[in-house]
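Reviewing the structure listed below.
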Amino acid sequence: MAEIILRDIEKYFGAVYVIRKLNLTIKHREFVVLLGPSGCGKTTTLRAVAGLEDVDSGDILIDGKPVQQLEAGDRDIAFVFQLFALYPHLTAYENIAFPLRATSESKASVEAKVRAVAKSLQIEHLLGKRPSALAGGDMQRVAIGRALVRRPKAMLMDEPMGALDAKLREEMRTELKRLHLENESTTVYVTHDQVEAMSLADRIAIMNEGVLQQVGTPDDVYHRPANLFVAQFVGSPVMNIAAANVKADGSRSLLALGKGAAPFEFPKSLIRHLSDAKANDLTVGIRPEGVLVSQTETAGYVPVTAHLIEPLGAYDIVDLKVGAQLVRARTASGYVSKVGARVWARLDPAQTHFFDTRTTDSLRIRLVDGAH
Amino acid sequence: MLRRNLASLVMGVAFTIAGGLQSRAQAEELTIFWAEWDPANYLQELANLYTAETGVTVTVQTTPWPDFQTKAFAEFNAKGDAFDMVVGDSQWLGAGSTGGHYVDLTNFFAEHKVGDLMAPATVKYYAEYPGNSGKYWAIPLEGDAAGWAYRKDWFEDPKEKEAFKAKYGYDLDVPKTYTQLRDIAEFFYRPDKKQYGIAIYTDNGYDAMLMGIEGAIFSYGGDLGDYATYKVDGILNSPQNVAAVDMYRQLYQFAPPNWGKVFFQEDNQAITENLAAMSLNFFAFFPALANKATNPNADVTGYFANPAGPDGKPQHAALGGQGISIVSYSKKQDASFKFLEWFIKDETQKKWAELGGYTCNKSVLESDAFRKATPFNEAFYQTMFMVKDFWAVPEYAELLTQINNHVYPYVISGEGGSAKDVLDAVSKEWVDTFKKYGRGG
Amino acid sequence: MAGVLDTSPAARAVTRGWSDLTIRNVFIIPTILFLIIFNIFPLIYSLGYSFTDFRASVNEPANFVGLQNFRELLTDERIWNNFWVTAKYVIVSVGGQMTVGFGLALLLNRAMPAKGLITTLLLLPMMMSAAVVGLFWRLLYDPSWGPLNYALGLGDLAWLSNADVALYAVAITDIWMWAPFVMLLSLAGLSAVPQHLYEAAAIDRASAWYTFSRITLPLVTPLLLIALIFRTMEAFKTFDIAYIMSTQPTTELISIKLYKFAFQEWQTGKSCALAYIVLIMVLAITNIYVKYLNKVKER
Amino acid sequence: MAHIRLDNVTKKFGLHAAVDGLTLDIADGEFFVLLGPTGAGKTTTLRLIAGLEKPDDGKIEIADQDVHQWSASERDVALVFQYYSLYPRYTVRQNLAFPLKSNARNCSQAEIDERIARAAKTLRIGHLLERKTDRLSGGEMQRVSIGRAIVREPRAFLMDEPLSNLDAKLRESLRAELKELQMKLKSTFLFVTHDQIEAMSMGDKVGILNEGKIVQVGTPYEIYNKPKNIFVASFVGSPSINLMPAELANGHVTALSGKLKIVAPRSKTNGAVTIGIRSEDITVGPKEQVAAHIHDVENHGVEKIVTLRVDDQFFKATAPSSLELKIDGTVKFSFNPDKLHFFDAASGASRA
Amino acid sequence: MAVVTSSRKKAFNRVAIVSILLITLIFLSPLYWIGTTAFKPRSLATTVPPTVLFQPEITPFIKLLTKRVQLTKAYDPAIYAASPWYEQRIYDGGERILRVGPNIQLSQYPNRFMNSLIIAIISTIIAVSMGTITAYGFSRFKMAGEADLLFFVLSTRMLPPIVVAIPMYLMYRVVGLNDTHIGLIILYTAFNLSFSVWLMKGFMDEIPKEYEEAALVDGYTRLQAFFKIVLPEAVTGIAATAVFCFITAWNEYAFALMMTNRRAQTAPPFIPSQIGSGLTDWTVIASGTFLFLLPVAIFTFALRKHLLRGVTFGAIRK
């Protein structure tokens, strides 16, 4: 059980940075997910921790000890690979036993440990099978078993569910989380799937192009994204993003998406947070659930037309045409009856995010929905 | 200058390639098949004269000795017309005639009195089949026989002469008998100085080693069998033959190391590389030894004919050499006949001898000019009147395999019991083989 | 109307072209026929001759002799000796190729500069004509002035004319020629072992030797077996290199014997019979291997 | 523009019937989505219509013409593939021109240029025209391959999971684009997918296929709310519908070993049933009916998905993201009785 | 992807690299030897100790390309002086070049080399084109007993050449194909065809059938789709297969030895036959070998990526 500290980690390939000045502390027993699009450096980071990859500078500390000179085998961490990396010619039993046999443990002790792990993963009946005879989820369990059997200081997982289909992934998510609760091992988990990250993580570290964007709880990154990248990467459907300008108008601020479009009402306080320059050149972000839709004309709502309706069963996603801009809203199933229908919409100030257009950083303006 | 010459060489290559491709279209081209050795080059040169005279291109096509008969018979048996004429081994006469591969030259012989032009032994062995039948299938072209090269400088060294006399009680000189040959071989056998006594043929492929052994057998007065009745038992394994084979095995003891698989090349090397005092070879291979460019010892290399057996019995040498036959599948038999007519002319034969060919023409052979032309011609001249040969039956290849199977291990490593046992075994197989093909009784 | 697909029957006839069935037949059948005529028919042809005393060198008709040729061949000690020589040759040569080839592959299977160039250079021998290779190895092997003996300080060891050594000399040349082939297949096998298995082993604290014996070796075994099959079959068929290099009885491989029967002694019927015996042996060996290979693959 | 009809079509591969007596009617100008798990026979159906496979039995009509004997090149339908949909080595423009240059069409160069320009504009790929296809991103490639279908003005568009190897964000945006395109072109679209979200969000009609047979055809609303059987119910919707055994008696449903009792207004029969309820139809909160153990909580930002456990029965509920839920804690829940689905316990067929 | 490694492993790695470099040098030394011998004066070809450094000359190549004969007596200095430089080289070696009238007579080497080229190229073209379409047929269409047919195709390659050669010889003599270019072309085609089908099948299988299907749906016939889409995609495969077939045909010895004598004889049986008489001139053999190996060596280098793939392809697929 261990604490992992990454201090100023840098890695580059030629002149191209793979990881840039990465600082991250993973606490004892914590489940941290490294989230980002492919090529963002998350896997490289994980492999650097495991010792499968050299770093060019910075320190990696496990339990306070620098490990970057140690070979992978000497770091006492376990690694679950994306494609499981099960030894294809060995049975599930032999796979799980491999790390024990490699260090010449006694036969009896190996047997006992393998059985115990298999029992906790409920794969005892599969021990005699080869990986090729196993279903995806079972391979996954064997791979985890192989990682757990050694009781490592930490578990590192590299997109362990990338190869599973959607339904199975849902199931395995729950299993994995329960397992973490039971074993309490420090876990670093890499994925590009934000749903996975949100559902599993104690904390999420979001990376893009080798740079750490934000570290926080799922709630933090969803509700308080640090920048446009995080805002758009987390959440589905994607957060609506639009260029906007804000004008003061009596007791309220008026926010317009592009020229000529009917402006949305916002509390007066909004304009106060903004410099003049920012007020004229601002990027707003709002999640579909933050776009409130009404079938009838309502005060503070602006008229819009439904451009497209995607019925998803539990709810609908409706593309609303606001001037030249399309804004997606989440409505109850069947709320907007048909394409082309005229409805009224409003942006919930409490769920609206404001970003600096140039730096893409969040302006950290939090409004309360005071109007209605 | 250099560039122009190079250009002409390249052009020449290009033309030959082009010529080769369309060669079949030209009627005026004859191909003679022979083995790869110097005489074939001499023949090519001779044929070039014919080309210059008549415009008919004559190409001498060659293949190495070990493949020679295989390639020739592959072509014959395919009834192919790749070759118009073939300079075939004397053994082939049987297969060539009975197999229908050779054109009958009996009339040609009569018409041009070839029998009178050529040395009798060559007519007998190179042209006639079956023996004494008066049917002829080839024109003797290249006379050849096994002879010996030796190191004159070693033989004439006074110190060596003295030591030899002291040891053997007679003067060191060109050996007259096989016993002397053995003595001299033993005398010069000095492995510590990397100098050895004698180089003989030991290759068990085709007739290589047998040529050496035949030489001994014939000199000892033995024979391989009765060529008329196909009787073998009692002749092949006669006491003379047993002694001769045993002698050959003794000679092998004085050969250079690793000499268990050698033929004419190595025997020539034995002289050029100072390995052996004496070396067995066909006369046709001696030009390389007489040439300073290929033999640094050319000036001190001498030659002698195959020595006699014990007790001064008559000398005989193993026959090499070949006659030229017209292939019956050739589509240019008339042109081939014309070439042969030209070939047997005295002046052609003279030219042939001058170029390096071993003529079988009696008058040329006997001429002084021929006998003095090279250091070995005299020995050749002597030899050509004392040659004998192997069976010319169609199944001779099997006979060769059988004798090689038994005699080779005996000579090289003494396997198979005594020389008598070995020859008995060969005799038995030969008898069976002849029986299988319905020859003799 | 321009640009719109006309679906009238007449227009469709143009669009349709050959049916798939026609194409399949036109594409496949000529090749199959070609192979049957030039590979299989000759075998049937020679099967007939194997029961006769036919000699291609004489103008006599073939007589049916039943199984006599086979009987003679199978009871002929010399033929058995040819097979024994062949077996020895196959074992030495293929064994050598496997060892050298796999060894080379292990050495090459790492990040290194000019790897592609070195691999290609090592492949050169197998791209060459065995006949020509055999020829110039004769030059290398020459006991008196060949560079090999000089370089190895072997004095005047007569590689090719020494009956006891000749077969090994031929095999060494064959190893030189074909070890690269094994190397290539091994390299393919080694590089087909997923990198992540090695990483998993590294994580699992397996030593280099443990990783090699438990992961590398079992996983390349199928490809090694394939290399073994290929090379065994080829070695069994060897003719050119041995024929060019040596004519010793101790190097008379069965193919050479076959050649001599057929083209030197012209015992055509008998040679056909021997050819069949060889053919059956090649098929049998292949079959045994393939069965074993499948077993290994199943594991 | 054409309507497509399949009548009792069967296609076998060996002994296995990939498509088994399939009957399907796709109206002119309809966006029809064929949805089903891997191996259901979706792609085979598509290929049968395109003429890339020949049916063993049954009739296929395009625009009321029996195309049974027609080869693929004669049918004038466009097909967008899942993989490798573009000709390699060609530029985008060459790819778009390729179908127009077929002998079957009599297309002038001017016509070709014009159509390409139009398609490029529609799909916003004008800047890519001179690019080689291997230098396109996944989304661009799919746009171009749709473009290649558009230029032909075919009688119908067939699409074989064209979005499945794109990443989630791109898929989301292309989904909307495709739907928009179809609305603009008003062509017949037959779209094959295994992703229920794609089916729901794009289809005018959705046909659910399983083991070579059509299970249900209907609007997305019908499919989601009135599933014909357990297969459809659990295939559509995420998270999956919760299924559990229950006892139906006298208008009451009893489930979760008697802990849950609900008045079931729509129930007609009595006896053992399987009830289904979607996670959004389970309310979680302190004031609800029954207590459950919280097995897992997944934060999805907009909401939370809670896995609840009552005895050995697990089920998922949707909770507002603001609700505090602790794993291994306890919470109360209730089912919305109006949203209960009833299935025959044995056959899985809907009882409602 | 650099796994963190200990210094011990790094050292081992370095040792391995050095040893593979050494082994490569050893492996190449026979080729070096044949290559250098081709440029040696005859006197240096067979020296003890072996000559490594020398002044290269092209005399061996002049000898290779001309017909020569041993000089048996001293040559006329006047003739020598009047001769072109390359003929002087021959005189220096104790030989003279044969002439037909005034023209230098060339050896058979160019002709044999040309035969090799003609036969190898034509048989390669046939084998590859037939192999390509057949592979396409096997790859795309179902056929009853397909696996058996494919195995049959491959098995024809397993036959020992000598076994086939005997009946082929007998058959050829009936139809008069012995020692003809066509005869050898057919044999090599038959020998290579199975290999070509097998190799091309692998490549064809890798070309997604979606490409042609797209073309079919786009209004092209199957044949048009094959020529317009599949063939261009298969070009690398075709190139690799062609090189393999060419190398096989170029190098083949056994058939050529048994089936040809003069007209169609190729270089492999010819070069060893030049071992000659009397005393072997290794420099000539080496120069003939050198020229003969050159195309293959060049091919190997130019197309090494395809070759690597080709060699391992069939094996891995099986």
Quick one: pull up CZ in A/R101 and CG in C/D204 and give me the separation to the nearest 0.5 Å.
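Going from the CZ atom of A/R101 to the CG atom of C/D204 covers 12.5 Å.
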Quick check on side-chain contact (heavy atoms from CB on, under 4.5 Å): which of C/V193, C/L197, C/I215 does A/P88 satisfy it with?
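When C/V193, C/L197, C/I215 are each tested with A/P88, the side-chain contact (heavy atoms from CB on, under 4.5 Å) holds only for C/L197.
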Is it the backbone or the side chain of [X] that comes under 4.5 Å from a heavy atom of chain C, or both, or neither?
X: A/F79; result: both
X: A/R75; result: neither
X: A/L100; result: neither

For a quick test of reading the model, state the closest non-hydrogen atom pair linking [X] to [Y] and the distance between them.
X: A/R150; Y: C/I203; answer: NH1-O, 2.7 Å
X: A/F98; Y: C/A206; answer: CE2-CB, 3.8 Å
X: A/D76; Y: C/R205; answer: OD1-NH1, 4.4 Å

Could you check whether atom [atom1] of [X] has more than 12 heavy atoms from other residues, nucleotides or ligands sitting under 6.0 Å from it?
X: C/F38; atom1: CZ; value: yes
X: A/E111; atom1: CD; value: yes
X: A/E209; atom1: CD; value: no

Side chain to side chain, C/H196 and A/L52, heavy atoms closer than 4.5 Å:
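No - every pair of side-chain heavy atoms lies 4.5 Å or more apart.
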Does the side chain of A/Y87 reach to within under 4.5 Å of the side chain of C/R214, using non-hydrogen atoms?
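Counting from C-beta outward, A/Y87 and C/R214 never come under 4.5 Å.
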